[in-house]
Q: 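Once you've had a glance at the structure underneath, I'll fire off some questions.
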Amino acid sequence: METVLSSATGSISKLSSFTILLLFLFSCSTFTPTEAYDALDPTGNITIKWDVISWTPDGYVAVVTMFNFQQYRHIQAPGWTLGWTWAKKEVIWSMMGAQTTEQGDCSKYKGNIPHCCKKDPIVVDLLPGTPYNQQIANCCKGGVMNSWMQDPSNAASSFQVSVGAAGTTNKTVRVPKNFTLKAPGPGYTCGPAKIVKPTKFVSADKRRITQAMMTWNVTCTYSQFLAQKTPTCCVSLSSFYNDTIVNCPTCTCGCQNNITEPGSCVSKTSPYLASAVSGPGKSSNTPLLQCTSHMCPVRVHWHVKLNYKEYWRVKVTITNFNYRMNYTQWNLVVQHPNFDNLTQLFSFNYKSLTPYAGLSKYKFVMIYFFAVASFPEPVHNLYYISNI
């Protein structure tokens, strides 16, 4: 689920002195425009490392590894897409662990045909179940990557590429340029490749160290504003001592407009619901929303269940209104002054986030596994938070 979801709320009666900010990883944003900057994870990034491990008669073989150093944002299905532009007239002879989406024009080659001849190749990860002779370590996950804080063992993705018509020494190799990363949608901005000290590799028995012939890094950072200019979630509020529910504002994420944009949403009681879900937009992951007043793909509901002198308790319910998206992995980030005194969390795990030490604190709810239904309903229903 790959997307940060953020929303600022108002106050509720006895808790009017508290400011509640709910952020759910579905790209709901109220941030001011900034280029590739995440205020909740200012040092988070995806680093792409190229290690040239050997030279060939007309180029080199490199292992490319992507590290997701973000604290809570992971890359969900259909996974990452990596692109770049060759500095010269390089071609890709072969790949392991990934493939380009297009071969390009290789008509000038006879006999041995390159894997890709495009000036600007686009690379995607291979799917699980790929034959072993086409795999390398950390490949073939369908482009899905967890965040470094949540699961470091699954926060990397690798592939091997054999490059031809390129330099064959450190002085003649030219690093690619104009890197792009979609994970799976927009939002990431990548800087230029920078040559760094060659990576060193330790053997399995830890008795020998080898190193790459040449290494360069590319750093990509995320901006919610670049990902989407309109929110994609909202927060509603309620409490046990008041019958009133503060609903999501009308048109929070857009307005129903089936006249000019037919098919932009579908009623949950529509007899055509099943056919709409499996319609033309299914393969492209085009959102298909349930028709609501707020028109948000996701709603987070914050309900105050108890409010005693010693502690208070909250129930949070997350509802998915996008018929074409199953959020099989998601994170909820909640900012609240009382989370210094959090005593119990039922059903889920959490970790603290302190992007600005001494200024603010966040509790990071970690969800490792749960089932998501095909139709909108609470994602794993609920969890509770108790504070002293």
Side-chain angles (χ1 to χ4, degrees), residues 2 35-37 45-69 75 78-109 112-126 136 138-139 143 145 156-196 198-199 212-223 225-227:
E2 219 171 276
E35 183 175 353
Y37 177 77
N45 67 79
I46 292 180
T47 296
I48 305 166
K49 183 179 69 169
W50 286 58
D51 289 316
V52 176
I53 58 175
S54 64
W55 303 112
T56 62
D58 69 336
Y60 58 88
V61 175
V63 173
V64 181
T65 304
M66 301 170 57
F67 297 97
N68 184 5
F69 290 126
I75 299 176
W80 54 261
T81 300
L82 180 64
W84 64 83
T85 302
W86 291 117
K88 298 191 292 186
K89 296 182 179 180
E90 293 91 336
V91 296
I92 298 176
W93 281 115
S94 62
M95 298 187 73
M96 292 182 64
Q99 64 184 3
T100 60
T101 57
E102 295 183 49
Q103 183 184 39
D105 183 7
C106 297
S107 58
K108 70 177 183 179
Y109 290 89
N112 191 14
I113 307 300
H115 176 82
C116 179
C117 299
K118 287 182 67 68
K119 179 75 172 178
D120 51 350
I122 301 296
V123 174
V124 294
D125 195 12
L126 296 182
I136 68 167
N138 289 321
C139 84
M145 295 170 61
S157 184
S158 301
F159 62 88
Q160 180 176 298
V161 57
S162 177
V163 182
T168 56
T169 68
N170 291 25
K171 294 183 178 180
T172 57
V173 166
R174 295 293 179 266
V175 299
K177 54 187 179 180
N178 300 331
F179 280 86
T180 60
L181 174 65
K182 293 184 178 181
Y188 286 91
T189 298
C190 299
K194 295 182 179 180
I195 297 176
V196 297
T199 301
M213 307 296 176
M214 185 178 183
T215 299
W216 59 82
N217 287 345
V218 178
T219 301
C220 302
T221 52
Y222 183 87
S223 168
F225 180 74
L226 293 178

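The figures that follow rest on heavy atoms only: side chains count, while hydrogens, waters and symmetry mates do not.
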Q: Just verifying a value: how many Å separate Ile122 CD1 and Leu82 CG, rounded to the nearest 0.5 Å?
A: 8.0 Å

Q: Out of curiosity, Trp55 CH2 to Met213 CE, how far, rounded to the nearest 0.5 Å?
A: 7.5 Å

Q: How about Ile92 and Trp86: do any of their side-chain heavy atoms sit closer than 4.5 Å?
A: yes

Q: Establish, from distance only, whether the side-chain atoms of Thr219 and Asn45 form a donor-acceptor pair under 3.5 Å.
A: no

Q: To the nearest 0.5 Å, what is the distance between CZ (Phe159) and CE (Met66)?
A: 8.0 Å

Q: Among all residues two or more places apart in sequence or in another chain, which pass the salt bridge (charged side-chain N to carboxylate O under 4.0 Å, His left out) test with Asp120?
A: Lys118

Q: How far apart are the C-alpha atoms of Asn112 and Trp93, what are their side-chain angles, what is the distance that settles it, and do they pass the side chain to side chain contact (heavy atoms under 4.5 Å, CB included) test?
A: CA-CA 9 Å; Asn112 191 14; Trp93 281 115; 3.8 Å; yes

Q: Roughly how far, to the nearest 0.5 Å, is the CD1 atom of Ile46 from the CZ atom of Phe67?
A: 12.0 Å

Q: Give, for atom OG1 of Thr85 and atom CZ of Phe179, the distance between the pair rounded to the nearest 0.5 Å.
A: 9.0 Å

Q: Within the structure provided, determine whether Val173 and Trp216 are in side-chain contact (heavy-atom separation under 4.5 Å).
A: yes

Q: Quickly, which of Asp51, Val64, Thr65, Asp125 forms a side chain to side chain contact (heavy atoms under 4.5 Å, CB included) with Ser158? Name it, please.
A: Thr65

Q: SG of Cys190 to SG of Cys220, below 2.5 Å?
A: yes

